[in-house]
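Only one structure is covered here, and it is reproduced in the block below.
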6 protein chains.
Amino acid sequence: MPVIRVTLIEGYDEAVRDRLLEGYSAVTRTVLGAVPDGITAVIDEVKAANYRRGNQRKSPKAPPPAPEQIVRDFLAAMERRDLAAANAFLAADFAMVFPGGARFTTLDELIAWAKPRYQRVGKVYERFDTVPGMDHAVVYCYGTLEGIWPDGSAFAGIRFIDRFTVRSGHLLDQAVWNDLAERMSDGG
Amino acid sequence: MPVIRVTLIEGYDEAVRDRLLEGYSAVTRTVLGAVPDGITAVIDEVKAANYRRGNQRKSPKAPPPAPEQIVRDFLAAMERRDLAAANAFLAADFAMVFPGGARFTTLDELIAWAKPRYQRVGKVYERFDTVPGMDHAVVYCYGTLEGIWPDGSAFAGIRFIDRFTVRSGHLLDQAVWNDLAERMSDGG
Amino acid sequence: MPVIRVTLIEGYDEAVRDRLLEGYSAVTRTVLGAVPDGITAVIDEVKAANYRRGNQRKSPKAPPPAPEQIVRDFLAAMERRDLAAANAFLAADFAMVFPGGARFTTLDELIAWAKPRYQRVGKVYERFDTVPGMDHAVVYCYGTLEGIWPDGSAFAGIRFIDRFTVRSGHLLDQAVWNDLAERMSDGG
Amino acid sequence: MPVIRVTLIEGYDEAVRDRLLEGYSAVTRTVLGAVPDGITAVIDEVKAANYRRGNQRKSPKAPPPAPEQIVRDFLAAMERRDLAAANAFLAADFAMVFPGGARFTTLDELIAWAKPRYQRVGKVYERFDTVPGMDHAVVYCYGTLEGIWPDGSAFAGIRFIDRFTVRSGHLLDQAVWNDLAERMSDGG
Amino acid sequence: MPVIRVTLIEGYDEAVRDRLLEGYSAVTRTVLGAVPDGITAVIDEVKAANYRRGNQRKSPKAPPPAPEQIVRDFLAAMERRDLAAANAFLAADFAMVFPGGARFTTLDELIAWAKPRYQRVGKVYERFDTVPGMDHAVVYCYGTLEGIWPDGSAFAGIRFIDRFTVRSGHLLDQAVWNDLAERMSDGG
Amino acid sequence: MPVIRVTLIEGYDEAVRDRLLEGYSAVTRTVLGAVPDGITAVIDEVKAANYRRGNQRKSPKAPPPAPEQIVRDFLAAMERRDLAAANAFLAADFAMVFPGGARFTTLDELIAWAKPRYQRVGKVYERFDTVPGMDHAVVYCYGTLEGIWPDGSAFAGIRFIDRFTVRSGHLLDQAVWNDLAERMSDGG
């Protein structure tokens with residue numbers, strides 16, 4: 001039943017407005033359980049000259065990339081071992097936790113830790129989920145790992161899930177769970 | 001900068017309205033990167049008699065419980081092995097995936113599978129995250145497992161994460177990742 | 001698709017608000033051909049103290065009765081020959097046109113004209129239609145006449161239609177068409 | 001006193017928007033009896049990309065012609081005996097009722113019935129009235145008939161009224177009342 | 001033509017809401033030159049629980065007294081020589097300018113300066129004007145002075161004007177112009 | 001906390017819209033004492049075709065010049081003794097009051113009165129203040145006079161204040177206070 005109406009200074013591109021409308025619709029659907037056809041969401045765009053806060057015009061800064069996109073780009077850089085590109089996504093106090101509770105603050109530490117575990121690893125994604133938030137967004141992605149064991153044999157279909165905290169276009173942390181040990185303990 | 005205004009038929013309780021305003025604020029902050037103080041969200045409540053869709057009055061049905069609450073209640077029922085209560089949360093075609101890719105469609109199957117793995121397990125939650133959606137919501141929770149191994153020794157601090165799909169107050173599926181195998185392969 | 005939102009000073013009773021919402025919904029459906037479920041109509045009620053036009057508070061006068069009700073009440077008064085009540089509905093310059101183009105400005109003239117035509121006549125209504133307007137509303141009603149011919153025999157099922165112009169709770173004019181002559185020329 | 005505000009996806013042409021604003025103004029005036037200068041009606045047009053219902057964009061279909069226009073076009077086709085054009089306006093289950101209760105479902109039946117009644121008939125319109133509705137609109141038109149009697153003599157000034165039910169650009173039914181019999185019984 | 005609509009958290013008392021509506025109406029009239037009857041101003045009150053900025057509820061603080069009231073109260077305190085009450089209206093860095101450019105920062109300085117000029121002075125007000133502002137408001141008042149000259153003779157009808165800067169309920173400064181010297185140079 | 005939203009027919013130029021937004025912001029700040037960042041003001045512009053009052057389109061007339069501008073232009077014309085230009089700003093029943101209560105209704109009277117007082121006078125403005133109003137606006141300006149005494153000596157820094165009532169682009173009256181007599185009585 002609800003009608004959601006948001007007033008924006010004009011100039012946001014369509015993909016950004018799409019994400020807003022999707023987000024408001026999803027929140028409404030989830031919180032109220034309203035029938036989808038009863039959820040109307042509308043954006044009113046007004047000229048920058050027609051908007052003031054505190055009697056001052058505002059020039060909205062460009063919105064950050066979608067958190068999912070940041071995570072995808074970071075993971076792609078890691079997969080092709082482009083550490084310079086991957087590092088550019090990390091916040092100053094970035095931290096990682098890997099299976100078994102291994103903690104790192106640099107990508108080099110991670111790579112050193114992974115070296116005896118596999119020669120190469122890649123991710124096949126099943127889904128990304130984004131949790132919007134005031135302070136930061138959270139992005140989850142999960143699917144399966146495929147790659148090469150240290151002994152040169154191949155593996156695939158090993159379940160994984162990653163969780164990223166994203167703020168202002170940078171990653172604050174990454175947490176990883178997967179079934180690698182499960183597979184290895186199966187005699188993998 | 002944006003102003004979000006939602007028109008609701010009056011009668012939703014305050015906790016529901018809170019979740020709406022939080023949700024809209026979070027979506028706006030995440031998508032636009034707007035400064036928090038520039039994000040205004042307002043609910044207009046109108047009498048049921050003052051609202052029509054298709055020239056018909058609407059009586060909004062009671063909103064479902066928050067997806068996080070459903071998951072918390074299900075997990076609590078499981079932990080105290082109250083299977084009747086736990087089953088009441090499951091959709092007809094519920095399915096589970098556990099580490100190593102073990103798949104079950106009933107709680108009994110899960111319990112049989114878990115029996116040789118531990119005598120008892122409990123979850124210490126670090127955080128719940130909810131992803132709103134049109135078709136369903138997704139709830140993630142993660143933290144650590146503590147319990148008793150089959151040999152009677154205790155364990156604790158083993159990382160886990162669960163992912164639930166929630167629709168209309170029921171769970172469609174659960175996926176679990178954890179470091180149990182990692183710990184066991186460490187000689188746990 | 002449209003959302004219609006009307007702001008009213010509070011105090012109009014529910015039947016009046018119902019007619020407003022019905023009217024806006026019907027106009028929207030008729031003009032746009034929009035699917036009914038896509039037409040949302042909402043009334044916002046504000047306190048009289050929260051409304052000004054020309055920097056002056058307004059006290060909305062009581063709305064007039066629905067035009068259909070005025071016509072129904074007038075016709076009922078005529079049918080029971082309560083001329084005092086019927087006259088109370090007529091505007092100062094009221095005029096009537098009856099089949100054959102007979103024109104009257106008073107109910108007495110009408111009654112004199114009708115005397116040789118039937119001993120008694122009553123109306124069985126099939127439907128009332130109201131045409132809203134800025135200057136006046138128009139009410140149509142149609143159905144069948146039943147009554148007693150001058151010779152004492154009964155008639156029924158004779159088609160009629162009336163058209164009334166209504167302004168500020170009074171009738172400006174009435175135009176009548178019916179099949180009485182058709183029936184009489186059939187040897188009625 | 002009221003302010004009516006309708007939000008539309010942009011793209012409706014000005015004549016359609018005019019009819020909406022006229023319709024809302026007329027409903028408001030008729031129901032509330034508000035002074036005309038106190039009735040403000042405004043259309044907000046938003047880009048299609050800025051509107052979602054059920055999280056889906058909507059492409060409003062072209063609105064149907066005004067019901068009055070459909071009736072005018074149908075009557076003009078009938079008057080020039082362009083039956084192909086006239087038939088194109090009729091719904092599948094169209095039905096007509098003429099004075100004396102004559103009922104037809106095809107134009108051919110009507111023409112056969114009319115043949116002994118007049119050689120030719122035309123309508124001089126005094127006014128059209130449209131009644132908006134959710135399910136269908138109703139159009140009334142009235143005025144006078146002029147034409148040629150079977151004996152070749154001319155007639156004019158004979159009162160008539162037609163009532164049409166219009167849905168989705170087609171006529172569901174037509175009901176006709178007129179004074180032809182009245183005139184004939186006068187020795188016409 | 002304009003419609004001004006302001007959304008407020010409910011709880012402001014009616015006098016405050018009146019001043020808002022008057023202020024918006026006056027600004028609109030002055031800037032646009034619109035006909036008064038075309039200026040509609042409306043307040044929407046929403047529950048505090050239905051409003052968030054930056055995802056936080058807001059509790060509006062009590063509005064300050066009207067600037068005109070502060071000035072009236074200060075001037076009344078001065079006239080009855082209640083210096084304690086008068087001082088309570090002054091901001092920490094209050095400053096005054098009197099005819100001839102005499103500058104003071106305390107009421108005591110003013111009183112010392114005035115002593116040889118008149119035994120007593122009172123103000124008859126013709127009008128107060130308030131200039132709203134973001135940083136501070138300005139209040140003007142003017143009229144005539146009446147009182148007693150040092151020699152015991154009375155005076156009256158001497159034109160004066162005062163200008164006050166008001167912020168957060170306190171006076172930042174006062175500037176005074178009057179015709180006392182004019183009258184005295186006339187041999188007053 | 002408030003959100004002010006004004007709906008205008010499009011076509012007002014940006015300086016006019018700026019003055020509206022400034023005015024609404026200042027009124028809100030002054031009346032409510034709200035923090036500036038909590039005051040949002042937005043203009044919605046709608047096409048003339050999308051606006052009706054009393055079911056009629058409105059063509060807003062060009063807004064009058066800002067009252068301050070009218071006063072500035074009048075004072076500049078007076079200073080350069082362009083009486084034709086200055087007279088064009090005066091309403092038919094214009095009236096002036098000068099120090100000592102001197103009253104004039106024409107500029108010629110003023111000039112005759114001033115002749116023995118100074119050879120030339122100019123104004124150095126410190127500030128203009130505008131008081132918006134429904135019936136008229138009031139403009140205050142103050143600062144210092146500089147010029148030439150009748151004896152040919154120069155003066156400067158003499159405090160003055162003017163008050164003008166402005167309606168529909170014309171001056172209804174002017175009231176003047178200054179320290180000229182104060183200075184003269186000092187032996188100026």
Side-chain angles (χ1 to χ4, degrees), chain C residues 1-9 12 16 19-20 22-34 36 38 51 53 58 60-64 66-67 97 99-101 129-134 137-138 140 142 157 159-161 163 168-169 175 177-186, chain D residues 1-9 12 16 19-20 22-34 36 38 51 53 58 60-64 66-67 97 99-101 129-134 137-138 140 142 157 159-161 163 168-169 175 177-186:
Chain C
M1 256 79 27
V3 179
I4 304 110
R5 190 162 195 133
V6 59
T7 303
L8 289 187
I9 296 178
Y12 291 105
V16 167
R19 287 201 290 131
L20 270 189
E22 286 167 9
Y24 298 145
S25 299
V27 165
T28 308
R29 171 78 172 134
T30 296
V31 174
L32 299 184
Y51 182 97
R53 196 154 59 85
K58 298 290 173 179
K61 61 175 202 240
V97 185
D129 286 318
T130 300
V131 187
M134 288 305 290
V138 174
Y140 288 94
Y142 62 92
R159 299 166 66 249
F160 82 94
I161 185 166
R163 179 189 192 274
S168 306
W177 295 258
N178 60 44
D179 288 358
L180 274 176
E182 191 83 28
R183 182 68 66 91
M184 289 186 286
S185 69
D186 285 357
Chain D
M1 256 80 25
V3 179
I4 305 111
R5 187 163 196 130
V6 60
T7 303
L8 288 187
I9 296 178
Y12 290 105
V16 167
R19 287 202 288 134
L20 271 189
E22 286 166 9
Y24 298 145
S25 300
V27 165
T28 307
R29 171 79 173 134
T30 295
V31 174
L32 299 184
Y51 182 97
R53 196 155 59 85
K58 298 289 174 181
K61 61 174 203 243
V97 185
D129 286 319
T130 300
V131 186
M134 286 305 289
V138 173
Y140 287 94
Y142 62 93
R159 297 167 68 251
F160 81 94
I161 185 166
R163 179 188 191 274
S168 306
W177 295 258
N178 61 45
D179 288 359
L180 274 176
E182 191 83 29
R183 182 69 65 92
M184 289 186 286
S185 69
D186 286 357

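Only heavy atoms go into these numbers, but all of them, side chains included; no hydrogens, no water, no symmetry mates. Because the structure is predicted, anything quoted here is derived from the model rather than measured. Lettering follows sequence order; numbering is per chain, from 1.
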Determine the minimum heavy-atom distance between [X] and [Y], stating which atoms define it.
{"X": "C/Gly101", "Y": "D/Asp179", "result": "N-OD2, 3.7 Å"}
{"X": "D/Trp177", "Y": "C/Trp177", "result": "CB-CB, 3.6 Å"}
{"X": "D/Arg29", "Y": "C/Met134", "result": "NE-O, 2.7 Å"}

Quick check on the interface: out of D/Ser25, D/Pro36, D/Pro2, who has the most heavy-atom pairs with chain C under 4.5 Å?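 Of the candidates given, the most pairs with chain C belong to D/Pro2.
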Only pairs of heavy atoms separated by less than 4.5 Å count here; which of D/Tyr140, D/Phe160, D/Tyr51 has the most with chain C?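 Highest number of pairs under 4.5 Å: D/Tyr140.
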Using side chain to side chain contact (heavy atoms under 4.5 Å, CB included), reason through C/Tyr12 and D/Val31 one step at a time and then give a plain yes or no. CA-CA 11 Å; C/Tyr12 291 105; D/Val31 174; over 6 Å; no
Partner residues of D/Arg53 under the salt bridge (Lys or Arg N to Asp or Glu O under 4.0 Å) criterion, sequence neighbours left out: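 Salt bridge (Lys or Arg N to Asp or Glu O under 4.0 Å) list for D/Arg53, sorted by chain: A/Asp37.
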Picking from [options], which has the most non-hydrogen pairs under 4.5 angstrom with chain D?
{"options": "C/Pro63, C/Pro64, C/Pro99, C/Ala137", "result": "C/Pro99"}
{"options": "C/Thr28, C/Ile161, C/Val97", "result": "C/Ile161"}
{"options": "C/Ala175, C/Ala26, C/Pro60", "result": "C/Ala26"}
{"options": "C/Val131, C/Leu32, C/Val6, C/Ile4", "result": "C/Leu32"}
{"options": "C/Gly157, C/Ala62, C/Gly133, C/Ser168", "result": "C/Gly133"}
{"options": "C/Lys58, C/Arg159, C/Arg5", "result": "C/Arg159"}

For D/Thr130, which residues count as a side chain to side chain donor-acceptor pair (under 3.5 Å) partner, sequence neighbours excluded?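 If we apply the side chain to side chain donor-acceptor pair (under 3.5 Å) test to D/Thr130, skipping adjacent residues, there are no hits.
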Can you tell me which portion of D/Val138 sits under 4.5 Å from chain C's heavy atoms? Options are side chain, backbone, both or neither.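 Looking at D/Val138, just its side chain touches chain C.
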Cut-off 3.5 Å, side chains only: do C/Tyr142 and D/Arg163 have a donor facing an acceptor?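 Result is yes, a qualifying pair exists.
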Over 60° means perpendicular and under 30° means parallel, so tell me whether D/Tyr24 and C/Tyr24 are parallel, tilted or perpendicular.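 Rings of D/Tyr24 and C/Tyr24: perpendicular, over 60°.
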Given the rule in the side chain to side chain contact (heavy atoms under 4.5 Å, CB included) test, do D/Asp129 and C/Asp129 qualify, once you have shown the distances and angles that lead to the verdict? CA-CA 10 Å; D/Asp129 286 319; C/Asp129 286 318; over 6 Å; no
